[in-house]
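See below for the structure under consideration.
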Amino acid sequence: MIREAHVNGIKLVYREEGDPAAPPLLLIHGRTADHNDWNGITQHFAARHHVFAIDLRGHGGSDHPGEYPLPEMAEDVVALLDHLGIERATLIGHSLGGVVSYHLATNHPERVERLVLEDPAPPLPLEGRAPLVEDGSTAFDWRMMHDTERQLLNPDPAWLDGLGKITAPTLVIGGGELSPFDSAGVAARIPGAEFVVIEVGHLVHVNGRRPFLQAVDTFLNR
């Protein structure tokens, strides 16, 4: 079921699946994607969870407000939880969605039951990135691309320290040698975090779906 909510001053679109009485779980896509990035995976988790696959601001059917501070994108998700009447949820975030998820877990630790970060960019200055070149893509806001890229290249130093404030049990899944990000560095900063490598590159849930789901299920079943 595709729904929309007006929260934190913007419209957010999300897909809802599963039993409303089951534990809530949010799926947060990577940059340029939307809730459809989790097709098939949504159904897997909906067998035992009340699943919400959201479109972040600037993506999919959600609003393009023109401003994309990463902590504010996390506040969008908190506002959606409030709207849905959910006090605590499990978060699974890929790439940019992982960054948004760790900001949420840093600033609102009481709202996160468990945290899964799939190949997230660390809050450290990224080097060796090719300049963004706009093409004809219309599925996302190009201002979001430029705004988030600036923050990935030059993150607030406080964000790194913030990882140490995360209290939720955390699993970080890295894509290995082919990944552009040092997700191991993220795991090392989060107290008690587990780290698993699946050598398929950045799109772990796409190119290594079976081991990805096995790793997440094992973690969630503890």
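In this chain, numbering begins with 1 at the start of the sequence shown.
Of the inter-residue distances, the one linking Leu56 atom CG with Ile10 atom CD1 reads 9.0 Å to the nearest 0.5 angstrom. Rounding to the nearest 0.5 angstrom, the gap separating the CG atom in Leu117 from the CD1 atom in Ile190 is 5.0 Å. The distance from atom CD1 of Ile28 to atom NE2 of His35, rounded to the nearest 0.5 Å, is 14.5 Å. Of the inter-residue distances, the one linking Leu26 atom CG with His49 atom NE2 reads 11.5 Å to the nearest 0.5 angstrom. Taken from NE2 in His29 to CD1 in Ile54, the straight-line distance is 6.5 Å, to the nearest 0.5 Å. In this structure, CG in Asp63 is found 11.5 Å from CG in Asn8, a value given to the nearest 0.5 Å.
Proximity of Phe52 to Leu25: side-chain heavy atoms (C-beta onward) are nowhere separated by under 4.5 Å. Proximity of Val13 to Ile2: side-chain heavy atoms (C-beta onward) are separated by under 4.5 Å at one or more points. Using a 4.5 Å heavy-atom threshold, the side chains of Leu153 and Pro125 count as separate. With a 4.5 Å cut-off on side-chain heavy atoms, Arg31 and His59 count as touching. Glu118 places none of its side-chain heavy atoms less than 4.5 Å from the side chain of Pro120. The closest side-chain heavy-atom distance from Leu163 to Ile166 is below 4.5 Å. Contact of the Leu126 side chain with the Leu124 side chain is not registered, since no non-hydrogen atoms from C-beta on lie closer than 4.5 Å.
Closest heavy-atom contact between Ser62 and His64: O-CD2, 3.4 Å. Closest non-hydrogen pair, Tyr102 versus Ala121, comes out as OH-O, 2.7 Å. A pairwise comparison of heavy atoms in Ile173 and Phe195 identifies C-CE1, 4.5 Å as the closest pair. Heavy-atom minimum distance, Ala5 versus Leu80: CB-CD1, 3.8 Å. Nearest heavy-atom pair, Gly61 versus Asp55, reported as atom, atom and distance to 0.1 Å: N-OD2, 2.9 Å. Minimum heavy-atom separation, Val133 to Trp142: O-CH2, 3.7 Å.
A single hydrophobic cluster is seen to contain both Phe140 and Leu12, as judged by linkage of ILVMFWY side chains at heavy-atom distances under 4.5 Å, directly or through other members. Note on Val206: it does not cluster hydrophobically with Val204, by side-chain heavy-atom contacts below 4.5 Å among ILVMFWY residues. In terms of hydrophobic clustering, with Ile, Leu, Val, Met, Phe, Trp and Tyr side chains grouped at heavy-atom distances under 4.5 Å, Ile198 and Leu27 are assigned to a common cluster. Clustering ILVMFWY residues whenever any of their side-chain heavy atoms sit less than 4.5 angstrom apart, transitively, puts Trp38 in the very cluster that holds Phe45. Leu152 and Val172 are not part of a single hydrophobic cluster, where members link through side-chain heavy atoms under 4.5 Å apart.
Every ring-ring contact (aromatic ring centres under 6.0 Å, His included) that His103 has, sequence neighbours left out, goes to Trp159. Legend: residues meeting salt bridge (charged side-chain N to carboxylate O under 4.0 Å, His left out) with Arg129, ordered by chain and number and at least two apart, are Glu149. Applying the ring-ring contact (aromatic ring centres under 6.0 Å, His included) criterion to Phe219, with sequence neighbours excluded, gives no partner residue. Every residue two or more places apart in sequence or in another chain that forms a salt bridge (charged side-chain N to carboxylate O under 4.0 Å, His left out) with Asp141 is listed here: Arg143. Tyr68 is linked by a ring-ring contact (aromatic ring centres under 6.0 Å, His included) to nothing, counting only residues two or more places apart in sequence or in another chain. With sequence neighbours excluded, no residue forms a salt bridge (charged side-chain N to carboxylate O under 4.0 Å, His left out) with Asp34. For Glu194, the salt bridge (charged side-chain N to carboxylate O under 4.0 Å, His left out) criterion is met by Arg222, not counting sequence neighbours.
Counting only residues at least two apart or on different chains, the salt bridge (Lys or Arg N to Asp or Glu O under 4.0 Å) pairs with a member in residues 198-219 are Arg48-Asp217. The side-chain hydrogen bond (donor to acceptor under 3.5 Å, both in side chains) pairs that include a residue from residues 164-180 are Asp119-Ser179, where partners are two or more places apart or lie in different chains. Screening residues 13-22 for side-chain hydrogen bond (donor to acceptor under 3.5 Å, both in side chains) gives Arg3-Glu16, Arg15-Glu17, Arg15-Asn39, Arg15-Thr42, Glu16-His50 as the qualifying pairs, with residues at least two apart or on separate chains. Here salt bridge (Lys or Arg N to Asp or Glu O under 4.0 Å) pairs that include residues 68-80, with residues two or more places apart or in two chains, are Arg57-Asp76.
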| request: Apply the test side chain to side chain donor-acceptor pair (under 3.5 Å) to residues Asp37 and His205: give CA-CA distance (whole Å), side-chain angles for both, the deciding distance (0.1 Å), then the verdict. | output: CA-CA 9 Å; Asp37 192 53; His205 69 279; 2.8 Å; yes
List, one per line, each side-chain donor-acceptor pair under 3.5 Å for residues 81-101, sequence neighbours excluded.
unit_1: Asp82; atom_1: OD1; unit_2: Arg111; atom_2: NH1; d: 2.9
unit_1: Asp82; atom_1: OD1; unit_2: Arg111; atom_2: NH2; d: 2.8
unit_1: Arg88; atom_1: NE; unit_2: Glu113; atom_2: OE1; d: 2.9
unit_1: Arg88; atom_1: NH1; unit_2: Glu110; atom_2: O; d: 3.1
unit_1: His94; atom_1: NE2; unit_2: His202; atom_2: O; d: 3.0
unit_1: Ser95; atom_1: OG; unit_2: His202; atom_2: NE2; d: 2.8
unit_1: Ser101; atom_1: OG; unit_2: Gly97; atom_2: O; d: 2.7

